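Input: one structure, supplied below.
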Amino acid sequence: MTSLQKDRCEYKIHTTAKTAAGIGAGGSLIPGLHLVKRVPLAALEIKMVIDLAKIFDKDIDESLAQAILSAALATAGGKIVAGAVSDGLAGFIPGIGAIVGGATAAATVEAVGWAVVDLLDSGEF
């Protein structure tokens, strides 16, 4: 990976993580809603995968992006499970749930984003 590719990946992942934080915080304002926010977060992550692939000069469609995302989730799985548990539990505490929900969503996107970059850079996809 070139330094330009790394910089572009970093920018894409960080900006996507910021958006995810907003979705995660907003989705945590109502107890029990933490599962519903996965729908817009999944769409956001698929878009991020497609954009990251373009950085590596790979033109992929949504189904391949989902496959790459699944592989990345397997790689970053432990972090994601821990985040989901804390997000679910904190979602029942007013105020705290929004903070934890936003932080969890952003951290998940960061972990998945860099796992995707590793897969794309290695040539596995």
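Here the structure is a predicted model, which means the values were calculated and not measured.
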(request) Please round to the nearest 0.5 Å and tell me the distance separating atom CE of M48 and atom OG1 of T15. (result) 9.5 Å
(message) Does D59, at its CG atom, have more than 12 non-hydrogen atoms belonging to other residues, nucleotides or ligands within less than 6.0 Å?
(response) no
(message) Can you give me the closest heavy-atom contact between A17 and E110, atom names plus distance?
(response) CB-OE2, 3.7 Å
(message) Show the nearest heavy-atom pair for residues L41 and A105, with the distance to one decimal.
(response) CD1-CB, 4.2 Å
(request) Please round to the nearest 0.5 Å and tell me the distance separating atom CD1 of I50 and atom CD1 of I68. (result) 9.0 Å
(message) Listing request: all salt bridge (charged side-chain N to carboxylate O under 4.0 Å, His left out) pairs with a residue in residues 9-24, at least two apart in sequence or in separate chains.
(response) K12-D51
(message) Can you confirm whether L52 sits close enough to I13 that some side-chain heavy atom of one is under 4.5 Å from a side-chain heavy atom of the other?
(response) yes
(message) To check you understand the geometry: which heavy-atom pair defines the closest contact between L119 and A72, and what is its length?
(response) CD1-N, 3.7 Å
(request) Indicate, with yes or no, if M1 and I60 share a hydrophobic cluster defined by side-chain heavy-atom contacts under 4.5 Å among Ile, Leu, Val, Met, Phe, Trp and Tyr. (result) yes
(request) Answer yes or no: is there a donor N or O on one side and an acceptor on the other, between the side chain of Q5 and the main chain of I55, under 3.5 Å? (result) yes
(request) Could you pull out the closest heavy-atom pair between L44 and A20, with the gap in Å? (result) CD2-N, 3.7 Å
(request) Could you grab the distance from atom SG of C9 to atom CG of D121, nearest 0.5 Å is fine? (result) 8.0 Å
(message) Measuring from atom NZ of K6 to atom OG1 of T2, what distance do you get when rounded to the nearest 0.5 angstrom?
(response) 11.0 Å
(request) Mind checking salt bridge (Lys or Arg N to Asp or Glu O under 4.0 Å) for K54 and listing every partner two or more places apart, or none if nothing turns up? (result) none
